[in-house]
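What follows is a short report on a single structure.
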Amino acid sequence: MLRHSLLIRRRSALLGLAASWALGRSSLALAGTSDGDDDPRLVVVILRGALDGMAAVTPYGDPSLTTLRRDLLPPEPGRDGGLLDLGGFFGLHPSLSGMQRLYAAGQMLPFHAVAGHYRSRSHFEAQDYMESGADQRLSSGWLNRAVSALPKNRHGAEGAGLSLGLSVPLLLRGPTTVASYAPEGGRRPDADLYSQIAALNAKDPVTGPAFRNGLTALGFSAKVLAGDAPPPAPRGQKPGAFAILADAAGRMLADRRGPRVAALEMGGWDTHASQKGRLAGPLRQLDMGMDAIRLALGPAWDRTVVLVMTEFGRTVRMNGTGGTDHGTATAAFLLGGAVAGGRVAGTWPGLQATQLFEHRDLAPTTDLRAVASGVLRDHLRLGPSALTNVFPGPAVTPENGLVKV
Amino acid sequence: MEESSAITGFGWGRRGDEPLPDTPVTWLRAQTLAPDAAIFTGLGESADGLIALRTQRREKIRDNSLVKPVFQAEVVAQMEQLLISEQPFRERLAWFWFNHFTVSLRQGDTRAVIGAYMREAIRPNVTARFSDMTLAVMRHPAMLMYLDNTSSTGPSSPVGLKAHRGLNENLARECLELHTVSPQAGYTQTDVTAFAAVLTGWTVNMNAERPGFQFRANAHEPGEKTIMGQTFPEGEEGGVAALQFLATHPTTYRHLATKLVGHFVSDAPPPADVAHVAAALHDTQGDLGAAALALIELCRAPRRRSVGERTDKFRTPMDFAVAAMRALDRAGPRPSPDAPHSPAHTLAGALGALGQPLWTAPLPNGWSDRAADWSAPADMMARADWAYRISAGVHEGNPLDIAHATLGPALRPATIEAIRHAGSRQAGLTLLFSSPEFQRRQTC
């Protein structure tokens, strides 16, 4: 019989729907162990649910824009609550003020009219393909294969990486071991019982490696995250789940023997209805998360690139319910001290009827893999054969000039 | 079929030391033929939840104080049902179909009706025709709210013309992709748009005395529409006919069979098994009871008996927590499910702690049931940590007896040895629930 020495103290926590899911829609995974302080750091953020790129980076200079989505648009730059100008044609969503400051400092590079090489309007297919980096769902993600190509960790420990959150995204799954870390939730077994559990599972092909890596991660994170310092609260706002994870990622990546590569996920982007109201919150969370990771990285921010990507964009026209439906091209972002930013990259396809993809979507002009492989080549220094392995599908030419040299 | 397959593969794990079925196949079959024995007392209908929601909105009540009790009562009652059910196969089918037709708290303000959705749209149809379940789901306020159909308006309808409103494709797209024919059917964007037009006007009337489904004719897109080459008339009947067409499409049967075999047999569904279940659906015009019997048949086949062909499924967090809680359940008086530390509350908390919070799937495709999605290091650590915490509250019973009762022949000598040497009841039970064999359902 269960008695009331059970851990859960509050009724709301017991119900498991709010408090116990403190991390909500966000989770984080890390991989790769650093050899020293000079190593480049890479963070990939997956926005699940399809971010409306035209709401995040609005082409207010395009004459067709107002006819297509008048009721979705914030005022033009300079007006109260208006867009944050990015050089006269594009404006950043008003919730992204931290990212605009990075842009002004030359540390943010928005890309427009980006899409994966697939043309699916299914979230599930598109996310699988985006994370696989291929025309089909593979059993490993492109970021895992990129980590495989990094110089081997000279400390030799298994489970060189760490992940935060309760699951590892496909993006970072694969042959290279990735451990994961979920924020602590109460009392735990002691070291002896943990080692018995690991021994009991040692020969199991699924649970054996999972427990081994979980324990490695526990030891690692206990050391790096010691002190339990609360994450920073930019602009006096309460940090959301995403900012908390971004802060943890930043602190671990900052450690000189910490991981090099991290993946974070964030949901809340599938804005089929009332988009104008619904999108501000997730964008603000994203903005605070970018602030948190920058602050947590400290000097390592200068050696960091953050890639923010989503599975596809949304219809250029507002739908019948104040939202947008599944589309094609969208925006992507590179952020970090290593980024050659301060401009909007990509080729704007235009919004006239003949310029739209299938008469409804922003037409793609940049392959997301070209952005990612430009970063992998120039920032992580992956060679041509490694890149072919990372993106095994149809050939893609990496984008030039994304990072500072 | 072995007992452990019937109990863990088709059910939710053995409850305490309840008697084992004499003939597993007969026991499972009886569950699909008998009516649902679950009794939910003190729960209202979806209309009652909607009234609570409506009152909150009208009176600007911001603390959710009217909807919250409705929701909590649903959670407790449905968790309790998982723990005590004597029809665990039927119970597993109900949760399988809920997940197939996922509604989640993450979108659409569904908290007031999500519990009622399970009881009203899913449970009564677990052994009915798939088209009956589909229609019940698509007319239920929870689904209409979750996938944004309540405001989808025909652009040429009176409301559309007057208020400049239009389509919302969400429900139509997910119904095609996830609920019925799947992308295998090769439908196009035009079909999605046409289906969305068919479903315009399918909404929730919040102002009725008993709020609920309403076909709002003046928001419905006029004219015939064509989906995948089939033409459907204007009006509510067009939607009913389109759903009937989609729910009975041969591609739908293959899609459902693949998911069922994936859930009840293996992460890699054997094509012959899929064909067997798809044929059962096809021959009965989508009878889900017949599909359930076909799944049982798969595990009767003699070829399954050979050791090399045994299959199992990795337990999802929900499978894991329910099985552990059932294993710890003992005959005798139990606390009221509403008590703060009742097993039902503990189970709901566990689902959150283990990464699968109740009715909170991230996206409309529901929760995965595949090993790769639940066996990351943090998943395993969360299971061990939760097992340790829950075991701290167990003050009677020998861990080894509990291990034998719950795992039967699947219990390995190494686990017996580890439990035997454990320093405490808490450690012994933690080892049991962290063992590799407890992470699996024996399928067939």
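Below, chains carry the letters A, B, ... as their sequence lines are ordered, and counting in each starts from 1.
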| request: Please round to the nearest 0.5 Å and tell me the distance separating atom NE2 of A:H123 and atom CD of B:E177. | output: 8.5 Å

| message | Taking the basic N atoms (NZ, or NE/NH1/NH2) and the acidic carboxylate oxygens, is any pair closer than 4.0 Å for B:R440 and A:D204? | response | yes

| query | With distance as the sole test, does B:R412 use its side chain to make a donor-acceptor pair with the main-chain N or O of A:L200 at under 3.5 Å? | reply | yes

| said: Would you say that B:T430 contacts A:Q196 through its side chain, given a criterion of any heavy-atom pair below 4.5 Å between the two side chains? | reply: no

| message | Contact between A:R121 and B:V192 at the side-chain level, heavy atoms closer than 4.5 Å - yes or no? | response | no

| task | Search all heavy atoms of A:P189 against all heavy atoms of B:A384 and return the closest pair with its distance. | result | CG-O, 4.2 Å

| query | How long is the gap from CG on A:D270 to CG on B:L363, to the nearest 0.5 Å? | reply | 7.5 Å

| message | Take a 6.0 Å sphere around CZ of B:R370 and say whether it holds more than 12 heavy atoms from other residues, nucleotides or ligands. | response | no

| remark: Residue from B:G108, B:A387, B:A372 scoring the most non-hydrogen pairs under 4.5 Å with chain A is B:A372

| Point-to-point distance, once rounded to the nearest 0.5 Å, from CD1 of A:I197 to CZ of B:F433 | 12.0 Å

| said: What I want to find out is whether B:E169 reaches A:R360 closely enough, with some N-O distance under 4.0 Å, to be called a salt bridge. | reply: yes

| Within a strict 4.5 Å, meaning less than it, do heavy atoms of the B:P362 and A:R48 side chains meet? | no

| field | B:R165 side, atom CZ; A:M318 side, atom CE - distance, nearest 0.5 Å | value | 8.0 Å

| said: Using modelled atom types and a 3.5 Å cut-off, is there a donor and acceptor pairing between side-chain atoms of A:N201 and backbone atoms of B:S434? | reply: yes

| message | Under 4.5 Å from any heavy atom of chain A, what part of B:L178 do you find: side chain, backbone, both or neither? | response | side chain

| field | Distance, nearest 0.5 Å, that separates OG of A:S274 from CG of B:N168 | value | 9.5 Å

| request: Please report the shortest heavy-atom distance between B:M380 and A:F211, naming the atom on each side. | output: O-CE2, 3.3 Å

| Do B:L431 and A:L193 come within less than 4.5 Å of each other through their side chains, counting heavy atoms only? | yes

| Does any non-hydrogen side-chain atom of A:Y194 lie less than 4.5 Å from one of B:D385? | yes

| query | For B:R173, is it the side chain, the backbone, both, or neither that has a heavy atom closer than 4.5 Å to a heavy atom of chain A? | reply | side chain

| Is chain A contacted by the side chain of B:P183, its backbone, both, or neither, given a heavy-atom distance below 4.5 Å? | side chain

| task | State, without any angle test, whether A:T207 and B:Q439 hold a side-chain donor-acceptor pair at a distance under 3.5 Å. | result | no

| Residue pair A:N319 / B:L167, side-chain heavy-atom distance below 4.5 Å | no

| message | Within this structure, what is the NE2-CD distance for the pair A:H272 and B:E174, rounded to the nearest 0.5 Å? | response | 6.5 Å

| query | Closest approach of A:A210 and B:S375, non-hydrogen atoms and distance? | reply | CB-O, 3.3 Å

| In terms of heavy-atom pairs under 4.5 Å, which option from B:S435, B:G397, B:A418 contacts chain A the most? | B:S435

| chain B contact via A:R278 - side chain, backbone, both or neither, heavy atoms under 4.5 Å | side chain

